[in-house]
Amino acid sequence: MKLFDVYPLFDLNFIKAEGSYLWNNKNEKYLDLYGGHAVISIGHSHPTYVQKVTEQLHNIGFYSNSVKIPIQEEVALKLGQISGYEDYSLFMCNSGAEANENAIKLASFHTQKKKNICFTKAFHGRTAAAVAATDNKSIIAPTNESDNFIFVPFNNTTALEEAFKNHEISSVIIEGIQGVGGVQIPELTFLEKIRSLCDEHEAVFICDEIQSGYGRTGKFFAHQHAGIKADIITIAKGMGNGFPVGGVLISPKFQAKHGLLGTTFGGNYLACAASLAVLETIENEDLLQNATDLGNYLNEALKDDPLIHEIRYQGLMFGIELKVSCAPLRNKLLSEFNILTGNASCPKTLRILPALNITKTELDVFIEAFKILSKSNL
């Protein structure tokens with residue numbers, strides 16, 4: 001048997017990782033400024049993470065949700081305290097796509113309505129409802145096509161109001177910041193309008209914080225910059241620092257009942273140990289402040305570079321839009337400077353998503369390499 005070939009791969013084989021660095025099988029060192037799609041939130045092989053997961057593995061790694069798993073309650077308590085959503089409930093699952101599936105389903109159970117508003121350039125996952133809410137026709141199979149998902153132009157209040165006027169809306173789902181879409185930041189007034197329209201029409205406001213959450217923007221969730229609350233918040237990626245885990249934060253207005261949602265692997269002991277390690281590290285190392293400070297530092301260092309058309313960022317979530325395609329720059333950062341970065345659906349946008357505990361010294365390596373390549377005209 002061979003692997004199903006669906007990923008374009010760099011010719012790299014990493015065998016060791018620590019902090020913001022990776023080493024390949026030739027013992028060559030790489031600076032990681034992408035964290036595997038914003039997954040590495042507290043750095044590779046963080047001592048707290050390694051200790052907690054190892055200790056848990058020595059005790060018990062898995063049993064199903066048919067028994068009490070107290071460490072789930074520890075995660076929920078700590079997550080509520082750090083995020084400011086203490087009165088919400090947590091449903092744990094395995095991935096971002098699964099979190100969004102459950103969010104859309106829960107909203108529909110609650111409203112007894114079918115239609116969902118989503119936005120241009122959105123990415124919510126590759127499973128049934130999540131991919132139907134994703135603005136990429138090439139990954140939507142015929143079986144996933146649905147008229148229950150209404151696409152509205154991003155940051156367009158008039159079109160949003162029209163969608164509410166013309167349909168019975170169950171939910172609005174929006175990313176705290178669009179990641180795959182090129183780090184597109186919703187206007188504060190747009191988020192406020194979503195909140196008010198959902199309240200007016202008894203619809204559910206779902207905020208997908210899978211990439212933009214967990215301190216990445218300097219607040220625990222990106223939508224908190226707007227001073228609003230979502231009814232449901234979906235999380236994954238940085239939640240487990242590499243261990244597969246996702247979750248749904250659910251407003252008290254939703255009534256739980258047995259069998260409403262379910263998962264086999266979600267909330268297992270190891271996932272919870274990884275999640276606790278991340279939350280404790282974010283708190284103990286003041287990583288929200290570091291994300292704010294280092295994000296501002298990176299922006300200040302690059303904002304006047306002549307190769308750059310625009311920088312879109314909050315905290316350590318960066319979309320650096322060039323005046324040319326970003327592919328040559330990204331490839332040279334990798335091949336000549338051993339720096340891993342990301343791209344986006346916008347061909348000119350370079351995505352930077354480092355660990356939240358990255359240092360100025362490590363960012364300076366990237367800044368110097370970027371400026372060298374910029375001056376050389378690639």
Side-chain angles (χ1 to χ4, degrees), residues 88-89 91 93 95-176 178 180-181 186 190-210 223 228-236 246-263 266:
Y88 279 44
S89 299
F91 174 76
C93 53
S95 69
E98 188 183 352
N100 282 334
E101 293 285 341
N102 281 290
I104 293 165
K105 184 178 186 179
L106 185 60
S108 187
F109 273 136
H110 179 75
T111 64
Q112 290 297 297
K113 294 184 282 190
K114 297 180 180 180
K115 304 291 185 181
N116 306 277
I117 293 174
C118 37
F119 298 96
T120 52
K121 294 190 176 180
F123 186 94
H124 296 291
R126 294 175 182 270
T127 51
V131 80
T134 292
D135 189 17
N136 182 350
K137 293 192 187 317
S138 70
I139 63 171
I140 301 175
T143 193
N144 302 127
E145 292 173 357
S146 170
D147 62 3
N148 288 331
F149 293 87
I150 301 155
F151 283 89
V152 168
F154 189 68
N155 277 334
N156 188 321
T157 299
T158 303
L160 178 66
E161 290 173 331
E162 282 297 310
F164 268 98
K165 192 181 298 181
N166 296 329
H167 303 277
E168 285 286 314
I169 300 300
S170 172
S171 75
V172 178
I173 183 167
I174 188 170
E175 292 157 272
Q178 290 186 336
V180 174
F190 191 61
L191 291 175
E192 289 168 351
K193 178 58 72 172
I194 293 172
R195 179 67 277 169
S196 65
L197 287 169
C198 284
D199 290 339
E200 181 183 343
H201 294 272
E202 296 184 335
V204 174
F205 182 178
I206 302 171
C207 198
D208 175 342
E209 292 280 5
I210 289 159
H223 70 268
I228 52 97
K229 275 197 163 187
D231 299 311
I232 297 177
I233 302 136
T234 55
I235 51 177
V248 187
L249 278 67
I250 303 163
S251 163
K253 73 167 80 172
F254 296 90
Q255 184 65 45
K257 68 176 182 179
H258 292 173
L260 187 71
L261 304 176
T263 174

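Not measured: the values here are computed from a predicted model.
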Asks: For Lys121 and Phe154: C-alpha separation, side-chain torsions, deciding distance, then whether side-chain contact (heavy atoms from CB on, under 4.5 Å) applies.
Replies: CA-CA 8 Å; Lys121 294 190 176 180; Phe154 189 68; 5.9 Å; no
Asks: Between Glu202 (side chain) and Asp199 (backbone), is there a donor-acceptor pair under 3.5 Å?
Replies: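 Absent.
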Asks: I need the minimum non-hydrogen distance between Ile228 and His223, along with the two atoms involved.
Replies: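 Residues Ile228 and His223, closest heavy atoms: O-CD2, 3.4 Å.
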Asks: Decide side-chain contact (heavy atoms from CB on, under 4.5 Å) for Ile169 and Ile150; before the verdict, give the C-alpha distance in whole Å, the side-chain angles of both, and the deciding distance to 0.1 Å.
Replies: CA-CA 9 Å; Ile169 300 300; Ile150 301 155; 4.0 Å; yes
Asks: Would one find more than 12 heavy atoms of other residues, nucleotides or ligands at under 6.0 Å from atom NZ of Lys114?
Replies: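 At most 12 heavy atoms, drawn from other residues, nucleotides or ligands, come within 6.0 Å of this atom.
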Asks: Starting from the C-alpha separation in whole Å, work towards a yes-or-no answer on side-chain contact (heavy atoms from CB on, under 4.5 Å) for Phe164 and Val172.
Replies: CA-CA 10 Å; Phe164 268 98; Val172 178; 3.6 Å; yes
Asks: Do you know the tightest heavy-atom contact between Cys93 and Thr263?
Replies: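 Result for this residue pair: CA-OG1, 4.4 Å.
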Asks: Hey, could you give me the CD1/CD1 distance between Ile206 and Ile104, rounded to the nearest 0.5 Å?
Replies: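 It is 5.5 Å, given to the nearest 0.5 Å.
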Asks: Could you walk me through whether Phe91 and Ile250 pass the side-chain contact (heavy atoms from CB on, under 4.5 Å) test, one step at a time?
Replies: CA-CA 8 Å; Phe91 174 76; Ile250 303 163; 4.0 Å; yes
Asks: Does a donor on one side chain sit under 3.5 Å from an acceptor on the other, for Ser171 and Asn116?
Replies: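 Distance-only check passes for Ser171 and Asn116.
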Asks: What are the two closest non-hydrogen atoms of Ala236 and Ile210, and how far apart are they?
Replies: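 Shortest heavy-atom contact: CB-CG2, 3.9 Å.
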Asks: Taking atom NZ of Lys105 as the centre, report whether more than 12 heavy atoms of other residues, nucleotides or ligands fall under 6.0 Å from it.
Replies: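 For Lys105, atom NZ is not crowded (no more than 12 foreign heavy atoms under 6.0 Å).
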Asks: Provide the closest heavy-atom pair for Leu249 versus Tyr88 in the form atom of the first, atom of the second, distance.
Replies: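 Smallest heavy-atom distance, with atoms named: C-CD2, 4.0 Å.
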Asks: For the CG atom of Asn102 and the CD1 atom of Ile232, what is their distance to the nearest 0.5 Å?
Replies: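 With rounding to 0.5 Å, CG (Asn102) is 9.5 Å from CD1 (Ile232).
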Asks: Enter the distance from Asp147:CG to His167:NE2 here, rounded to the nearest 0.5 Å.
Replies: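 Atom-to-atom, Asp147:CG and His167:NE2 are 9.0 Å apart.
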Asks: In Å and rounded to the nearest 0.5 Å, what is the CZ to CG distance from Phe205 to Leu197?
Replies: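 Nearest 0.5 Å value for the CZ-CG distance: 10.5 Å.
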Asks: One pair to check against salt bridge (charged side-chain N to carboxylate O under 4.0 Å, His left out): Glu162 and Lys165. What are the steps and the verdict?
Replies: CA-CA 5 Å; Glu162 282 297 310; Lys165 192 181 298 181; 3.2 Å; yes
Asks: Applying the side-chain contact (heavy atoms from CB on, under 4.5 Å) criterion to Phe123, which one of Asp135, Ile139, Asp208 satisfies it?
Replies: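 The residue from Asp135, Ile139, Asp208 that satisfies side-chain contact (heavy atoms from CB on, under 4.5 Å) with Phe123 turns out to be Ile139.
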Asks: To check you understand the geometry: which heavy-atom pair defines the closest contact between Ala99 and Ile235, and what is its length?
Replies: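 Scanning both residues completely, I find the closest heavy atoms to be CB-O, 4.0 Å.
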Asks: Salt-bridged, Glu161 to Lys193, with N to O below 4.0 Å?
Replies: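 Yes, charged N to carboxylate O under 4.0 Å.
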Asks: Quick one: pull up CD1 in Ile140 and CZ in Arg126 and give me the separation to the nearest 0.5 Å.
Replies: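 One finds 11.0 Å between CD1 of Ile140 and CZ of Arg126.
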Asks: Where is the tightest heavy-atom contact between Gly125 and Thr134, given as atom of each residue plus distance?
Replies: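 Closest pair (atom of Gly125, atom of Thr134, distance): O-OG1, 3.3 Å.
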Asks: Are Phe190 and Phe119 an aromatic pair, judged by ring center distance below 6.0 Å?
Replies: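 Judged by ring-centre distance (under 6.0 Å), Phe119 and Phe190 do meet the cut-off.
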Asks: State the CD-NE2 distance between Glu101 and His124, to the nearest 0.5 angstrom.
Replies: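 Reported value, rounded in 0.5 Å steps: 11.5 Å.
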Asks: Considering only heavy atoms from C-beta outward, does the side chain of Ile174 approach that of Leu191 to under 4.5 Å?
Replies: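 Touching, per the 4.5 Å side-chain cut-off.
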